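Computed from a predicted structure; not experimentally measured. Hydrogens, waters and symmetry mates play no part in the numbers below; they use all other heavy atoms, side chains included. Each chain gets a letter, A, B and so on, in the order its sequence line appears, and its residues count up from 1.
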Amino acid sequence: MAYWLVKTEPADGGLLDFQAAGSASLVWDGVRNYQARNFLRAMDLKDEVLLYHASCAEIGVVAQLKVARKPYPDPLQFDPESPYFDASSNQCQPRWTAVDLALVRAFPKVALLTTLKRTPAFEGSSLTRKGSRLSVLPINKDQWRAVMTLAGG
DNA sequence: GCCAACGTTGGC
DNA sequence: GCCAACGTTGGC
């Protein structure tokens with residue numbers, strides 16, 4: 001079993017979107033970075049996922065998610081109308097990957113980035129490193145526990 | 001709005 | 001294959 005963290009802006013696949021979906025899952029698509037894609041491809045149904053809000057007033061981890069569907073080809077790469085369309089991808093060997101994620105629970109508190117930066121478990125993590133643009137990343141058990149504590153979960 | 005970080009692109 | 005230019009991410 002592995003732990004992951006996925007980043008988003010609150011208005012685009014944020015906590016409100018998951019709460020609106022209820023027990024239904026949301027498609028986590030549009031990832032167009034090879035390192036992040038490789039992490040997506042490594043996701044499994046048993047894995048645990050943290051939801052992170054970026055570029056907003058309260059930057060940090062807001063909820064726990066689960067993997068509702070194993071990695072599959074991101075449909076948007078084949079959609080010419082989509083900004084995520086990739087003309088150089090093809091059906092036989094799709095370049096980009098999506099998963100479906102569903103809300104497990106919103107945390108009582110936001111585990112703020114400012115706090116995580118002072119948390120030893122996150123020292124050297126690409127989450128807290130300045131300028132990191134990685135939007136899907138693995139989390140170790142210590143980091144998971146630290147988030148649980150800070151989030152009041 | 002600014003700007004640092006950094007991935008990607010394209011000329012050579 | 002190098003590297004400058006460019007675009008995007010994301011904290012502040």
Distance in angstrom units between [X] [atom1] and [N] [atom2], rounded:
X        : N      : atom1 : atom2 : value
A:Glu58  : C:dC12 : CD    : P     : 14 Å
A:Tyr34  : B:dT9  : OH    : P     : 7 Å
A:Trp96  : B:dG7  : CH2   : P     : 13 Å
A:Phe122 : C:dG11 : CZ    : P     : 14 Å
A:Arg95  : B:dT8  : CZ    : C1'   : 12 Å
A:Leu127 : B:dA5  : CG    : C1'   : 15 Å
A:Leu137 : C:dG10 : CG    : C1'   : 14 Å
A:Leu134 : B:dA4  : CG    : P     : 22 Å

If only side-chain N and O atoms of A:Lys7 are considered, is one of them under 4.0 Å from the OP1 or OP2 phosphate oxygen of C:dG10?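 The answer is yes; a side-chain N or O of A:Lys7 sits under 4.0 Å from OP1 or OP2.
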C:dG11 phosphate, OP1 or OP2, under 4.0 Å from A:Tyr52 side-chain N/O: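 Yes, such a contact exists.
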Determine which pairs satisfy salt bridge (charged side-chain N to carboxylate O under 4.0 Å, His left out) with at least one residue from residues 81-96 of chain A, sequence neighbours left out, and list them in order.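 The answer is A:Asp86-A:Arg95.
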Tell me, please, which residues at least two apart from A:Phe39 pass ring pair (Phe, Tyr, Trp, His ring centres under 6.0 Å).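 Per chain and number, A:Phe39 pairs via ring pair (Phe, Tyr, Trp, His ring centres under 6.0 Å) with A:Trp4.
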Out of C:dG10, B:dA4, B:dG7, which nucleotide sits closest to the side chain of A:Asn33?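 For the A:Asn33 side chain, the nearest candidate turns out to be B:dG7.
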What pairs of residues pass the side-chain hydrogen bond (donor to acceptor under 3.5 Å, both in side chains) test when at least one of them lies in residues 60-76 of chain A, not counting sequence neighbours?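 Every side-chain hydrogen bond (donor to acceptor under 3.5 Å, both in side chains) pair that includes a residue of residues 60-76 of chain A, provided the two are not neighbours, is A:Arg32-A:Asp74, A:Glu48-A:Gln64, A:Gln64-A:Arg105, A:Tyr72-A:Asp100.
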In a table with atom names and distances, give each donor-acceptor pair under 3.5 Å that connects a side chain of residues 109-127 of chain A to protein atoms at least two apart or in another chain.
unit_1   : atom_1 : unit_2   : atom_2 : d
A:Thr119 : OG1    : A:Thr115 : O      : 2.9
A:Ser125 : OG     : A:Leu127 : N      : 3.0

Has the side chain of A:Thr149 got a donor or acceptor atom that lies under 3.5 Å from a matching backbone atom of A:Arg145?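 Yes.
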Output the residues of residues 109-118 of chain A in contact with DNA chain C, where contact means a heavy atom of the residue under 4.0 Å from an atom of the strand; sort by number or write none.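 Nucleic-acid contacts, sorted: A:Leu113, A:Lys117.
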If you group Ile, Leu, Val, Met, Phe, Trp and Tyr by side-chain heavy-atom gaps below 4.5 Å, do A:Leu50 and A:Leu15 land in one group?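 Same hydrophobic cluster.
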Pairing residues for A:Ser23 by the side chain to side chain donor-acceptor pair (under 3.5 Å) criterion, not counting sequence neighbours: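 A:Ser23: no side chain to side chain donor-acceptor pair (under 3.5 Å) contacts found.
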